[in-house]
Amino acid sequence: MRVDVVTAFPEYFSSPLEVSLVGRARREGVLEVVLHDLRRYGKGPHRQIDDAPFGGGAGMVMMVEPLARALEPLASTHRVLFTPAGRPLLQETIDRWSTLPALTLICGRYEGVDERVAGHLVDEEISLGDYVLLGGEVAALAVIEGVTRLLPGVVGNPTSVLTESFRDGLLEEPQYTRPAEFRGWRVPDVLLSGDHGAIARWRRERREERTRRRRPDLWERYLAGGGAETTALDPAGPPEDSSTSSG
Ligand code: JF5
């Protein structure tokens with residue numbers, strides 16, 4: 001997969017693209033990232049990329065022309081502009097993008113981006129979350145990480161299974177590793193019991209409790225979708241419905 005990034009700060013991406021699984025995916029050729037320095041397309045001797053807003057007001061707005069010129073060779077790719085005014089980034093968004101041959105990530109900056117960019121030069125406007133950053137660079141890196149872990153061969157584990165836990169609509173359960181006791185802080189006894197049924201029930205209960213308390217929005221959707229009735233409690237899956245099976 002190829003990811004193009006349009007940014008006024010290409011050096012922002014140096015280390016994050018070198019280390020960890022993203023770095024390895026790039027070295028192995030599974031992922032290609034091409035950085036485009038927006039300043040190269042800036043106006044005049046100062047390579048200007050922003051200007052004062054029409055109608056007045058504080059701050060500066062990213063100009064349409066530098067972005068238009070930077071995006072010209074990328075017109076055949078799926079182009080995403082990061083802005084707090086976009087639709088929220090979800091796992092399903094990343095799943096969808098991870099199957100594309102080419103994705104372009106455009107990093108907004110300043111107090112905004114000339115609306116003609118969103119209107120004529122991009123396919124989607126996306127927000128990383130309900131907070132304001134200085135630029136879209138962190139959002140672009142979040143997408144690169146999210147997409148990379150779904151590319152074939154990047155994560156040893158079958159990733160479809162990992163993403164599945166998010167798709168069933170619950171937060172993850174608490175996890176523990178050795179030692180079983182540290183400073184008197186004990187790992188829950190059930191996890192040491194060897195009783196796989198009890199462990200599966202405990203995990204499901206912790207996931208439900210966590211989701212109900214921390215994410216009432218996800219909890220409502222989970223209940224509306226049938227809750228545990230429609231998701232497998234154990235790897236064998238739910239029992240068959242005798243009224244619809246052939247036997
Ligand atoms: C930006 C105008 C872009 O702040 C963000 C952002 C927050 N969630 N997702 C993106 O991007 C930088 C600021 C102002 C456009």
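Start at 1 and go down the list; that is how both ligands and their atoms are numbered.
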Considering only protein heavy atoms, which is closest to atom 14 (C) of ligand 1, and at what distance to one decimal place?
Y110 O, 3.4 Å
Candidates H36, E137, R109 - the one meeting side chain to side chain donor-acceptor pair (under 3.5 Å) with T7
E137
Pairs of nitrogen or oxygen atoms closer than 3.5 Å, one from A139 and one from ligand 1: do any exist?
no
For atom 8 (N) of ligand 1, what's the nearest protein heavy atom and its distance?
L128 N, 3.2 Å
One finds that the ligand 1 atoms under 4.0 Å from a non-hydrogen atom of G112 are 2 (C)
Distance filter under 4.0 Å to V132 heavy atoms, resulting ligand 1 atoms:
4 (O)
The single option from R221, R214, R215 that satisfies side chain to side chain donor-acceptor pair (under 3.5 Å) with D217 is R215
Ligand 1 atoms in contact with S127 (distance to a heavy atom under 4.0 Å)
8 (N), 9 (N)
Sub-3.5 Å donor-acceptor pair from the side chain of R47 to the main-chain atoms of R40, do we have one?
yes
Determine yes or no for a side-chain-to-main-chain donor-acceptor pair under 3.5 angstrom, with D168 supplying the side chain and L170 the backbone.
yes
Here the atoms of ligand 1 under 4.0 Å from any heavy atom belonging to G108 are 3 (C), 12 (C)
Going by the atom numbers of ligand 1, which of them fall below 4.0 Å from some non-hydrogen atom of G135?
11 (O), 12 (C)
Measure the spacing between CD1 of I144 and CH2 of W97 and express it to the nearest 0.5 Å.
11.5 Å
Less than 3.5 Å between some nitrogen or oxygen of L133 and one of ligand 1, yes or no?
yes
Atom pair CG (D51) and CE (M63), whose distance is rounded to the nearest 0.5 Å
5.5 Å
